[in-house]
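A, B, ... follow the sequence lines: proteins, then strands. Residue 1 opens every chain. Small disclaimer: the values here were computed from a predicted structure and weren't measured.
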Number of protein chains: 2
Amino acid sequence: MPKKKPYCECLNTVKPVRDTLEVINGKWKLSIIISVGVGNSRFTEIQESIPGLTPKVLSKELKELEQHQLIKRIITNDYPVKISYCLEPYADTLTPIIYAMKDWGLNHKKKIFQER
Amino acid sequence: MPKKKPYCECLNTVKPVRDTLEVINGKWKLSIIISVGVGNSRFTEIQESIPGLTPKVLSKELKELEQHQLIKRIITNDYPVKISYCLEPYADTLTPIIYAMKDWGLNHKKKIFQER
DNA sequence: TATTTCGCTTTCCTTTAGGAAATAGCTATA
DNA sequence: TATAGCTATTTCCTAAAGGAAAGCGAAATA
């Protein structure tokens with residue numbers, strides 16, 4: 001008879017969740033995707049739409065989101081050159097996560113409020 | 001005619017998403033909830049079920065999850081005293097987020113694999 | 001011509017997350 | 001009695017995230 005109960009396997013769920021977290025981790029990535037998704041396409045627009053977001057952080061996050069093929073950087077070669085950002089189709093696959101998190105956050109606020 | 005197009009409002013989504021992130025942020029919290037959810041209830045079991053998780057971090061995260069009423073710490077006063085952890089009912093509300101992230105992670109792996 | 005705006009980049013700094021290792025108090029087992 | 005296991009805690013450290021502020025080149029505006 002074995003002394004120790006072996007732990008329950010959970011890696012089949014833990015691993016993919018962690019893979020996801022590696023892409024959308026941090027304080028800002030989802031917010032940026034949401035902002036671009038609702039129509040903000042210029043650097044300054046995105047920055048202004050998200051309180052507290054500094055240009056340095058926005059610049060860095062946009063690059064990472066580009067690398068993950070979630071956001072596209074578009075340079076129009078007309079005169080004058082303009083830079084804009086839009087969502088890649090792949091970003092749409094994040095919609096269920098974003099909605100689940102939005103719903104949870106709204107419900108959580110309500111819960112916190114009731115407890116006071 | 002105004003020169004500047006005003007940015008699009010996105011705070012109605014951005015804010016609750018950020019509220020959610022404040023609760024489940026970091027590398028480990030969701031993994032710990034998953035692990036406890038599948039039946040790991042002892043400190044060491046949880047730790048062993050999640051590769052790379054150190055006792056210090058587990059200890060800290062468990063406290064935070066307790067404060068957010070997602071995990072319950074149970075002390076059995078029998079002899080010998082045992083400590084175990086289980087999910088609070090409130091943790092079940094995270095299920096949609098966890099499944100959405102699991103699905104996304106699995107799909108993302110597939111996508112990355114195809115591209116190589 | 002001077003000033004402002006845009007889309008960043010750079011520098012500097014602080015805070016936080018997280019890892020490694022040792023340890024402690026208790027119980028269990030040999 | 002000695003050793004091992006459980007549930008952490010503590011200390012020390014590094015790396016990464018993130019914030020504040022300045023600046024820069026090109027273009028637009030006054």
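Looking at heavy atoms from C-beta onward, B/Tyr90 lies in side-chain contact with A/Asn107 at the 4.5 angstrom threshold. Within the 4.5 Å cutoff, side-chain heavy atoms of B/Leu94 are placed close to those of B/Ile97. For the pair B/Cys10/A/Ser49, a side-chain contact is recorded, criterion being any heavy-atom separation below 4.5 Å from C-beta on.
One can place CD of B/Gln47 at 13 Å from C1' of C/dA20, the figure rounded to the nearest angstrom. Summarising the geometry, the separation between CD1 on B/Ile75 and C1' on D/dA8 is reported as 12 Å, rounded to the nearest angstrom. The distance from atom CG of B/Asn40 to atom C1' of D/dT7 is 15 Å, rounded to the nearest whole Å. In this structure, the CZ atom of A/Phe43 is 19 Å from the P atom of D/dA27, given to the nearest Å. Across the protein-nucleic acid pair, B/Arg42 atom CZ and C/dC26 atom P stand 17 Å apart, rounded to whole Å. Rounded to an integer number of Å, the gap from CG of A/Leu21 to C1' of D/dA16 is 16 Å. Regarding B/Glu45, its CD atom lies at a distance of 15 Å from the C1' atom of D/dA8, rounded to whole Å.
Within a heavy-atom distance below 4.0 Å of DNA chain C, the residues of residues 24-36 of chain B found are B/Gly26, B/Lys27, B/Trp28. Contact check of residues 53-73 of chain A against DNA chain C (heavy atom, cut-off under 4.0 Å) returns A/Pro55, A/Lys56, A/Ser59, A/Lys63, A/Arg73.
Proximity of A/Tyr7 to the phosphate of D/dC6: no side-chain N or O atom is located under 4.0 Å from OP1 or OP2. Dashed line: the shortest gap from a side-chain N or O of B/Tyr85 to OP1 or OP2 of D/dA8 is under 4.0 Å.
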A/Arg18/A/Glu22 under salt bridge (Lys or Arg N to Asp or Glu O under 4.0 Å): CA gap, chis, key distance, verdict: CA-CA 6 Å; A/Arg18 290 194 51 178; A/Glu22 272 188 36; 5.5 Å; no

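Between A/Glu64 and A/Lys29 there is a salt bridge, since a side-chain N of the basic residue sits under 4.0 Å from a carboxylate O of the acidic one.
Judged by distance alone, with hydrogens and angles left aside, the side-chain atoms of A/Ser59 form no donor-acceptor pair with the main-chain N or O of A/Lys56 at under 3.5 Å.
In this pair, B/Tyr85 and B/Phe43 present their aromatic rings tilted. The plane angle is within the 30 to 60° band.
Scanning all heavy atoms of the two residues, the minimum distance from A/Ala91 to A/Leu70 falls at CB-O, 3.4 Å.
When the options B/Asp19, B/Thr20, B/Thr93 are evaluated for a side chain to side chain donor-acceptor pair (under 3.5 Å) with A/Trp104, the one that passes is B/Thr93.
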